[in-house]
There are 2 protein chains.
Amino acid sequence: MVKRITIKEIARKADVSIGTVDRVLHNRGRVAEATREKVLKIAKEGNYSSNVMARHLKLNKTYRISVILPEENNYWLMLKEGIEDGCAEFGQMGFTAGYCFVANDGSQAMQLNRILNTDADGFIIAPSAFHQQTDLLSKLREKGKPYVFVDSNIIDGGQLTFIGQDSYRSGVLGACLLHDKYLSDYEIYITTFSESDIKEQIIKNRIEGFRSYFDENQISHVNIHEVNLEKDQMNADDFLNVLLKHENPVHLFIPNSKTYKLTEQLIQFKETNQLRVVGYDLLQSNLRLLNGGAIDYLIHQKPKMQGYLGMQSLYKNIVLKTDVPLHQYMPLDIINKENVMYCQ
Amino acid sequence: MVKRITIKEIARKADVSIGTVDRVLHNRGRVAEATREKVLKIAKEGNYSSNVMARHLKLNKTYRISVILPEENNYWLMLKEGIEDGCAEFGQMGFTAGYCFVANDGSQAMQLNRILNTDADGFIIAPSAFHQQTDLLSKLREKGKPYVFVDSNIIDGGQLTFIGQDSYRSGVLGACLLHDKYLSDYEIYITTFSESDIKEQIIKNRIEGFRSYFDENQISHVNIHEVNLEKDQMNADDFLNVLLKHENPVHLFIPNSKTYKLTEQLIQFKETNQLRVVGYDLLQSNLRLLNGGAIDYLIHQKPKMQGYLGMQSLYKNIVLKTDVPLHQYMPLDIINKENVMYCQ
DNA sequence: AAAATATGCGGTAACGTTACCGCAAACTAA
DNA sequence: TTAGTTTGCGGTAACGTTACCGCATATTTT
């Protein structure tokens with residue numbers, strides 16, 4: 001690599017002072033047009049880009065990132081871990097994060113408003129924390145500060161970037177993991193729990209993707225059922241009984257992290273039946289079931305990586321002033337008993 | 001985050017000059033013991049760590065990393081891509097990389113010697129590039145420069161860190177992907193090509209891990225065969241014929257990236273037989289077979305990530321002077337047709 | 001006792017950048 | 001013409017760190 005050109009060298013070559021070069025490069029006016037062009041030409045030829053470290057040393061600024069997440073459960077805490085990693089890495093550049101877990105109750109709107117009014121330099125937001133309050137988006141836009149969405153996306157939401165999985169494709173993957181072409185007729189239950197589950201776009205997408213796999217591959221020896229325990233007024237034991245009635249093998253697809261809600265029932269069922277189970281997210285409770293053999297595959301959304309990439313994207317935007325892609329899709333990680341020990 | 005303490009503040013609190021503080025912190029002597037202790041105490045209380053950016057600005061050093069890889073094929077070029085990513089990220093800190101692909105011929109030892117004698121500040125080495133020349137290790141150690149191993153490891157080789165998969169566990173994972181408990185008797189062929197393949201430690205480990213899965217889980221409805229085409233004097237067509245003779249379903253485990261060598265034969269066989277194929281590495285030729293359905297799973301070693309982490313580790317060691325773990329195991333990524341589009 | 005060396009410390013330039021201040025010269029308004 | 005304003009530019013402090021230089025004392029060697 002050739003040595004980088006500095007403003008001092010540009011100044012020397014253009015036969016002006018570094019003050020003038022600085023005024024040109026930052027469009028601060030008070031420069032004759034001829035001088036301006038001469039400086040820009042030399043800067044371009046020398047492929048000038050400012051030394052980020054020297055700039056930061058001079059400015060000596062700190063940047064505060066506000067993180068807005070739905071609730072303080074294990075999943076979001078994993079995302080938080082990734083953000084902490086980012087703080088450690090970019091802390092040298094003055095990056096710090098403040099967290100807010102938004103309860104889904106009456107005080108919600110007030111809480112969100114308070115956070116949005118803090119003078120943060122950037123935001124990391126899980127849109128599901130907004131619940132239905134879409135008017136908050138325009139407030140964010142007005143501030144002119146960068147914000148990134150993690151986990152789920154809002155199309156044309158003015159975000160700097162979206163970091164998360166393609167939920168439709170992750171559903172397709174789930175289907176593929178439950179597809180067994182060497183098995184004759186079998187049943188698949190797409191299982192959700194609370195009624196709010198099936199209102200989430202991300203869940204809808206997963207289910208849609210899941211179904212599309214069997215449609216598009218014209219797989220007919222599989223019977224797909226959809227169950228929502230709350231809506232269908234069943235508890236876990238009721239559900240187990242439904243499953244036990246089938247003579248065919250039964251597979252389960254649980255399109256969110258709540259697989260663990262069936263713990264007892266899964267263990268009971270697995271002992272006697274041909275059953276394959278695919279769920280989401282590496283919560284402790286899910287990992288226990290995976291290691292115990294009750295869950296076969298977990299699709300890993302890499303929340304920690306999402307958090308880290310969120311910080312990294314803001315760093316790139318705010319400090320380096322480089323472009324960040326609008327979509328940063330997470331890999332669709334397949335985790336089973338045999339590779340869980342090395343998954344990140 | 002509280003504002004970081006600077007040497008200037010330490011100097012003020014200790015009532016000495018910053019020159020003295022610097023001499024204490026860098027053990028450059030010429031300081032009275034009492035002063036030394038006073039300064040160290042204040043630095044410790046203030047949790048001092050030097051500002052990496054200011055240090056780098058002052059030193060204005062560049063660091064040259066020599067990368068030693070076996071040959072310029074697609075796999076190693078992916079690793080190189082990751083190193084380039086690292087250069088882009090740490091280039092601000094003066095990091096650059098120079099590459100050497102070591103041919104496996106007579107000039108090899110000379111080539112390696114030449115590289116090791118360059119005044120690089122650190123090395124990224126794929127130990128398989130050393131072939132049997134283990135005496136080169138001691139040369140490296142003498143230089144006192146940090147070096148990291150990627151892809152495969154040498155135990156107690158004096159490396160800063162190893163970055164790669166646990167090859168034994170990746171074999172176990174391969175076995176798990178080929179295990180079908182709902183299938184009655186079937187055959188599995190562990191397939192290698194050249195005789196040098198089975199001399200590699202990494203391949204041996206994978207095969208050992210693969211076999212251990214069936215042993216430890218006491219799976220007896222599977223017949224495992226091992227074939228090396230060169231040693232067994234077969235070409236790909238001969239091998240296909242061997243496979244076709246079986247009445248049972250046949251699965252294949254190819255413990256390195258050479259799955260593509262069976263292209264025609266795989267496609268032919270897949271049309272008529274129940275066959276599952278697990279291979280390694282996302283080479284273009286393997287990806288075509290994966291997308292075409294001839295390969296079911298590829299275990300992804302994330303060479304690009306390995307390259308990036310190699311640079312990152314050297315950066316941490318040389319610039320940040322922080323610790324780096326001795327082992328950095330890559331995830332055992334399972335790639336199939338449905339998640340390959342988002343894999344990294 | 002004089003000369004040479006060692007010890008302890010303060011001071012400062014430089015790294016590349018930014019955001020000022022201020023000085024001339026040119027121009028405009030009275 | 002004189003006073004005020006604008007334009008174009010040079011100069012510099014500061015960010016935190018490092019590696020020097022050099023000056024006094026203190027200590028050792030002739």
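Lettering of chains follows the sequences in order, A, B, ..., and the numbering in each one begins at 1.
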Need two values: the first and the last nucleotide of DNA chain D, 5' to 3', having an atom under 4.0 Å from any heavy-atom of chain A. D/dT7 to D/dG16
Hey, can you pull the residues of residues 34-49 of chain B with a non-hydrogen atom under 4.0 angstrom from DNA chain C? B/T35
Polar contact flag, side-chain donor to acceptor under 3.5 angstrom, B/Y308-B/E89: yes
Contact summary for B/G307 and B/I124, nearest pair of heavy atoms: O-CD1, 4.4 Å
Mind checking if A/I7 touches a base, just sugar-phosphate, or nothing, with heavy atoms under 4.0 Å? base
Would you check if the side chain of B/N117 reaches a backbone N or O of B/N113 as a donor-acceptor pair within less than 3.5 Å? yes
Can you check whether B/F162 and B/F149 have ring centres sitting under 6.0 Å from each other? no
Let me know, please, whether B/E33 or B/A54 comes out on the 5' side of the other along DNA chain C by nearest nucleotide. B/E33
Can you say whether the rings of A/Y329 and B/Y342 are parallel (under 30°), tilted (30 to 60°) or perpendicular (over 60°)? tilted
What do you reckon, is CG of A/D135 surrounded by more than 12 foreign heavy atoms closer than 6.0 Å? yes
Pair B/Q159, B/N153: side-chain N/O donor-acceptor within cut-off below 3.5 Å: yes
Counting only heavy atoms from other residues, nucleotides and ligands, does the tally under 6.0 Å from NZ of B/K61 exceed 12? no
Out of the candidates B/K302, B/Q301, B/H300, only one should pair with B/D333 under the side chain to side chain donor-acceptor pair (under 3.5 Å) rule; please name it. B/K302
Most 5' of B/M53 and B/G19 on DNA chain D, judged by nearest nucleotide: B/M53
Among residues 22-32 of chain A, which ones have heavy-atom contacts with DNA chain D below 4.0 Å? A/R23, A/R30, A/V31, A/A32
A/L137 to A/G157 - nearest heavy-atom pair and separation: CD2-O, 3.7 Å
